[in-house]
S.K.: 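Provided herewith is a single structure, encoded as structure tokens, for subsequent inquiry.
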Amino acid sequence: FPAERIRNFSIIAHIDHGKSTLADRMLEMTGTIDKTQDNRQILDKLQVERERGITVKAQTATMVYEFEGQQYLLNLIDTPGHVDFSYEVSRSLQACQGVILLVDANQGVQAQTFANFYLAFSKNLPIIPVLNKIDLKNANPERVIEQLSSIFEIDAESVLKVSAKQGTGVNELLQAVIDRIPPPPSDRNLPAKALLFDSWYDKYKGVALLMAVHNGSFKLGQHITLAHANKSFEIKEIGIMYPEPTPLTSLYAGQVGYIYCNMRSVKEAAVGDTIHLLSSPVEPFPGFAKAKPMVFAGVYPMDQSEHTQLRSALEKLLLNDPSVECAVESSPALGNGWRLGFLGVLHMDVFNQRLEQEYGTQVVLTAPSVPFKIKLKNIKSIKKTGDILMVNNPEKMPNVQHIEESFEPLVTGTIITPSVYLGDIIALCLERRGVQIDSRNIDSERLIMIYKLPLNEIVVDFYDKLKSLTSGYASFDYEDAGYESSNLSKLQFLLNGDPVEELSVIVHTSKAREVGKQVCSKLRDTIPRQQYQIQVQACVGGKIVAREDIKALRKDVTQKLKYGGDINRRNKLLKRQAEGKKRMRMVGNIEVPREAFIKVLQR
Ligand code: GDP
Ligand code: MG
């Protein structure tokens with residue numbers, strides 16, 4: 001196939017608007033997959049994606065389509081549908097020359113439609129607007145077209161209408177892909193150069209690299225390297241996704257395909273990197289960056305005896321997801337575990353769900369935190385002065401006296417909602433320290449609202465709250481908006497005056513009392529009464545902001561057996577009590593059961 005007869009494109013859509021169904025239909029209509037087989041949603045490979053019905057990891061497929069007597073090679077590059085993966089979306093768009101913007105004709109434009117549109121728009125890619133699900137009785141194409149033109153200034157004439165489910169209009173759409181999307185710019189005479197836009201790990205063959213070849217060609221047996229890694233690899237297998245990996249002998253400029261090269265770690269395959277031949281270096285693609293984790297959480301086995309088992313499950317998962325950061329961590333209460341860094345909240349949820357599937361049991365996942373930046377004062381007595389510290393763990397928070405200024409990460413959030421929920425949403429955003437940037441109608445019944453929000457305020461339950469306030473009708477998406485100065489405090493908890501360091505959290509000072517109260521009452525409810533009264537306190541920089549008391553109790557397990565109890569039973573009871581104590585953590589002279597920590601720390 002000469003490059004003029006190749007098209008590389010993506011489908012971008014809000015979750016559930018029919019991206020996977022449309023991809024399946026296209027593969028079916030081009031004879032790439034069999035109609036009779038059970039291929040539903042062939043692109044959503046991972047179990048968790050099927051279960052949650054979302055596409056997390058970009059998958060790609062090649063198909064051959066005949067149009068006006070000519071055969072065309074169409075490469076569908078499936079982008080992840082969620083903001084947590086916006087860097088991946090952005091990079092997979094780099095491998096395309098155009099996109100299909102797919103919108104549910106009933107639901108209309110949603111938050112991720114909006115975010116994805118601007119990603120494609122900012123890359124100057126041609127956008128084919130498509131309404132899906134026109135077979136639905138309550139589809140309202142006219143209203144959705146009105147939204148598209150009012151928000152994106154899309155010309156009503158250019159909008160296509162399809163039913164991915166029934167196949168209506170899909171042929172016309174494939175023709176539009178050929179008509180409206182240009183062939184990839186490529187030069188087969190220049191030294192080989194390709195963009196790495198996805199990778200996955202195969203147990204037997206090692207890391208597979210998915211790449212879009214820009215110049216020259218890659219052949220079986222050649223030695224390659226990556227611009228941002230200094231290792232070389234021999235191409236052991238090369239081919240296209242048709243839709244399963246199908247080996248060939250070479251890939252030429254304009255094509256999209258995969259290689260296996262005995263790479264053992266996905267960490268070496270950073271999305272966005274440039275692949276070239278070892279013998280002929282090239283100018284790398286600009287704008288290379290590694291996706292950086294923004295949400296951190298501790299992971300512990302429910303029981304320490306399961307530590308090894310959890311470790312091997314984690315290792316397996318990390319093989320497949322280079323964007324998860326992992327460091328060993330230990331806590332006096334929860335034992336040995338790990339601190340993981342994720343791109344966002346959904347990324348964390350998906351990882352956790354996969355972990356539970358791999359590992360087959362529950363893990364303790366601590367409440368997520370975000371990376372704060374702390375500027376240190378210029379004080380001679382501390383080693384680092386005037387430095388910026390990244391703090392994603394409250395235990396690493398420096399002393400108040402050493403802090404010059406604190407900064408927290410912000411996001412720009414987009415909410416699209418039926419107008420009737422306006423008041424409730426404003427209240428929710430206000431409570432989460434949000435600042436409104438914009439709010440306007442997109443049709444007679446819907447609004448788009450743009451808010452600047454601290455990431456720390458949305459990592460826990462913002463999305464769930466928004467969904468329940470609006471009976472599921474509002475959609476939300478966010479993007480990174482840098483750091484801003486903020487009034488942060490370390491909130492500590494004391495039991496009879498002794499600090500319980502692993503319960504500390506970093507909070508906005510205005511939230512200290514509220515969070516303090518919540519945690520103190522959880523502790524009061526989960527720490528059993530002991531021989532003396534226990535004072536549970538929350539404090540910020542020595543100032544008490546919340547307090548609860550646990551009344552004293554005299555507990556003697558053998559009491560009931562005082563008269564005529566048999567000695568064996570008595571010993572058994574004492575032994576059981578001793579075993580219980582092993583699962584206790586002593587704070588001063590107070591026994592705190594592991595369950596209390598789990599209750600407070602878990603999400
Ligand atoms: P994705 O999240 O964008 O990949 O969406 P899916 O392809 O998984 O589709 C979400 C739901 O919409 C599924 O239940 C599909 O069966 C359904 N769906 C997709 N396309 C159509 C369509 O054209 N008509 C109807 N009625 N349902 C559709
Ligand atoms: Mg899908």
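We number each residue from 1, following the sequence as shown. Just follow the structure's listing: the first ligand is 1, and inside any ligand the first atom is 1.
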S.K.: For Phe342, enumerate each residue passing the ring pair (Phe, Tyr, Trp, His ring centres under 6.0 Å) test, keeping only those at least two apart in sequence or located in another chain.
M.R.: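 Applying ring pair (Phe, Tyr, Trp, His ring centres under 6.0 Å) to Phe342 gives His347, Phe351.
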S.K.: Using side chain to side chain donor-acceptor pair (under 3.5 Å) as the criterion, list what pairs up with Arg433, not counting sequence neighbours.
M.R.: Glu408, Glu457
S.K.: Please could you name the atoms of ligand 1 that Ser20 approaches to less than 4.0 Å, counting only its heavy atoms?
M.R.: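 Going through ligand 1 atom by atom, the ones under 4.0 Å from Ser20 are 1 (P), 4 (O), 7 (O).
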S.K.: Ligand 1 and Gly18, any nitrogen or oxygen pair closer than 3.5 angstrom?
M.R.: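 Yes, at least one N or O pair falls under 3.5 Å.
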S.K.: Please find out if less than 6.0 Å separates the ring center of Phe121 from that of Phe152.
M.R.: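 Between Phe121 and Phe152, the centre distance exceeds or equals 6.0 Å.
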S.K.: Let me see the working for Arg432 and Asp461 under salt bridge (Lys or Arg N to Asp or Glu O under 4.0 Å), right down to the final yes or no.
M.R.: CA-CA 11 Å; Arg432 301 302 175 102; Asp461 59 355; 2.8 Å; yes
S.K.: Looking just at side-chain N and O atoms, do Arg339 and Ser369 make a donor-acceptor pair shorter than 3.5 Å?
M.R.: yes
S.K.: Side chain, backbone, both or neither: which applies to Lys133 and ligand 1 if a contact is any heavy-atom pair less than 4.0 Å apart?
M.R.: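 It is both backbone and side chain that touch ligand 1.
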S.K.: Between Ala13 and ligand 1, is there a nitrogen or oxygen pair with a distance under 3.5 Å?
M.R.: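 N/O-N/O distance under 3.5 Å: no.
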S.K.: Between Asn132 and ligand 1, which part of the residue brings a heavy atom under 4.0 Å of the ligand: side chain, backbone, both or neither?
M.R.: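 For Asn132, only side-chain atoms sit under 4.0 Å from ligand 1.
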S.K.: Using a strict 4.0 Å cut-off to heavy atoms of Leu136, name the atoms of ligand 1 that fall inside it.
M.R.: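 Result: 26 (N).
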S.K.: Can an N or O of Thr21 be found at a distance shorter than 3.5 Å from an N or O of ligand 1?
M.R.: yes
S.K.: Quick one: does ligand 1 sit under 4.0 Å from the side chain of Asp16, the backbone, both or neither, non-hydrogen atoms only?
M.R.: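 Contact part for Asp16 vs ligand 1: both backbone and side chain.
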S.K.: Taking atom CD of Gln70 as the centre, report whether more than 12 heavy atoms of other residues, nucleotides or ligands fall under 6.0 Å from it.
M.R.: yes
S.K.: Could you tell me which atoms of ligand 1, counted from 1 in the order shown, lie closer than 4.0 angstrom to a heavy atom of Lys19?
M.R.: 1 (P), 3 (O), 4 (O), 5 (O), 7 (O)
S.K.: Using modelled atom types and a 3.5 Å cut-off, is there a donor and acceptor pairing between side-chain atoms of Asp198 and backbone atoms of Leu210?
M.R.: no
